[in-house]
Amino acid sequence: MDEVKQLAKQATVYVVPTKPFSFEGTFFKPSHFPSKLVLYDNGRLYQAIEVGGHAFGVEIFGSSPNSQKVGITIYAPKAISDSIKKAIEREVVTRYDLAGDIGGFIEEYRGDSLLAEPIQRWGGMRPSVAYSLYGFLMVATVLQNATVKRTVQMMDALLKQYGKKLIFAGREVYAIWSPEDMEKVSETDLRDLRIGYRAKNIKRISHSFVTKQVSEELLRSMRRKQDIKEALLEIYGVGPQSVSYLLFEAFHFYDALDHLSPWEGKIVSMLLYGNKTTSPKRILKDVEKRWGKWKMLAIHYIFEDLFWRRKEECIPWLEEEIRM
DNA sequence: CATCAGGGCCCTG
DNA sequence: CAGGGCCCTGAT
């Protein structure tokens, strides 16, 4: 519990993302739930990445204000091999969609009344997720049926007990436990962390990873959105809400929007129609017509821009929908 | 103090 | 396919 590891700098690699690209838009998501798994500080992102059963510290930065290169500094207890470096680089490229092709979207909608400003500020932003599939599902599990505050509390309790604290570059972030670690933990012990019925889901999801019934590798190799969706829905404790986040953020389907949760529905409704009451069904139809194959990316640009603005100015109707 | 719904999902009818 | 129940907490 509260296993701590001090890591030292071992290597820096660089990748060149496809254009157009926005570093901050891609690596910092104001709308994402805050956790000790990721730290964005002074234009740099700190997180753990697990490769070959080991957790490495990773620091990601834009190499210079105008260069489009992304630097990845890797921290570890001892020197690392080229294959580890490659694997971590690949993981960053995949999780942050650095090889994605969104040029068509920017071209087509830079004049769109709702997208012009977000594109001006964030043009080149990618849908991205800091976590592995397993990590994402753990987060999604504590997000269920809870307010953000309680979610943070549950995640902190879990990380304190089962996570690995990594110290590198003068910062601290946690690496999530592995599915195998969770196999050794009893449901009762988990429940003692006050996470309620979610204990069962965590156990079952972990087990399906250990038995290879679920494999991130395999899912990533699938081409069709529908196939991935069906495979994800088979996982116990994973429903339409988590899957729709995953299809967009982790699997980068820019049109992955056929489901709107009530709280998101209200926010999108307000942005599109100036009221909170338009039905999700109507919204989905209009969004399809307006942005077609880019519809979820469009919503993401508008959404992140809104959350970013929230830091600058007070948006009362939004505060009502975000219960911290 | 009691009641209730929450940034879902499963299960039942 | 609609709706109750789930753990626990903070808001009322």
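A note on names: the letters A, B, ... follow the listed sequences, proteins ahead of strands, and every chain is numbered from 1. Nothing here was measured: the structure is a model prediction, and the numbers come from that model. Just so it is clear, the values below take in all heavy atoms, side chains as well, and ignore hydrogens, waters and symmetry mates.
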With no angle test and no hydrogens, is the base of [N] tied to the side chain of [X] by a donor-acceptor pair under 3.5 Å?
| X | N | answer |
| --- | --- | --- |
| A:Arg204 | B:dC10 | no |
| A:Tyr197 | B:dG8 | yes |
| A:Arg150 | C:dC8 | yes |

_Ring-face cation of A:Arg126 near A:Tyr96 (centre distance under 6.0 Å, axis angle within 45°)_ =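 Pair A:Arg126/A:Tyr96 does not count as cation-pi.
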
When you measure from the side chain of [X] to the backbone N and O of [Y], does any donor-acceptor pair fall under 3.5 Å?
| X | Y | value |
| --- | --- | --- |
| A:His252 | A:Thr94 | yes |
| A:Arg110 | A:Ile119 | no |
| A:Gln241 | A:Ala140 | no |
| A:Ser128 | A:Asp97 | no |
| A:Asp181 | A:Ser178 | yes |
| A:Lys276 | A:Ser269 | no |

Mind calculating the distance between [atom1] ([X]) and [atom2] ([N]) to the nearest angstrom?
| X | N | atom1 | atom2 | value |
| --- | --- | --- | --- | --- |
| A:Lys203 | B:dC10 | NZ | P | 18 Å |
| A:Arg198 | B:dC10 | CZ | P | 14 Å |
| A:His259 | B:dC9 | NE2 | C1' | 11 Å |
| A:Arg194 | C:dC6 | CZ | P | 18 Å |

*For A:Gly196, report the nucleic acid contact type (base, sugar-phosphate, nothing); a contact means any heavy atom under 4.0 Å.*
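Base: the residue A:Gly196, judged by heavy atoms under 4.0 Å, touches a nucleobase.
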
*Would you mind classifying the nucleic acid contact of A:Tyr236 as base, sugar-phosphate or nothing, using non-hydrogen atoms under 4.0 angstrom?*
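The answer is sugar-phosphate, as A:Tyr236 gets under 4.0 Å only of primed atoms, P, OP1 or OP2.
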
_Which is more 5' along DNA chain B, the nucleotide nearest A:Glu264 or the one nearest A:Gly237? Just name the residue._
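Its nearest nucleotide lies further toward 5', so the answer is A:Glu264.
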
*Secondary structure string for DNA chain C (Watson-Crick or G-U under 3.5 angstrom, | for other-strand pairs)*: ||||||.|||||

*Does a donor on one side chain sit under 3.5 Å from an acceptor on the other, for A:Asp189 and A:Tyr162?*
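No pair is found: no donor N or O on one side chain lies under 3.5 Å from an acceptor on the other.
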
*Answer yes or no: does a side-chain N or O of A:Thr151 lie under 4.0 Å from OP1 or OP2 of B:dG7?*
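So the side-chain polar atoms of A:Thr151 never come under 4.0 Å of the phosphate oxygens OP1 or OP2 of B:dG7.
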
_A:Glu89 with A:Lys85: basic N within carboxylate O range, under 4.0 Å_ =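 A salt bridge is absent here (no side-chain N lies under 4.0 Å from a carboxylate O).
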
_Closest approach to the side chain of A:Pro240, judged atom by atom: which nucleotide of C:dC8, B:dG7, B:dC9 is it?_
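So the side chain of A:Pro240 is nearest to B:dC9.
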
_C1' atoms of B:dG7 and C:dA2, separation to the nearest Å_ =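 These two C1' atoms come out 22 Å apart once rounded.
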
*Which residues, if any, of residues 134-145 of chain A bring a heavy atom under 4.0 Å of DNA chain B?*
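Correct list: A:Leu143, A:Gln144, A:Asn145.
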
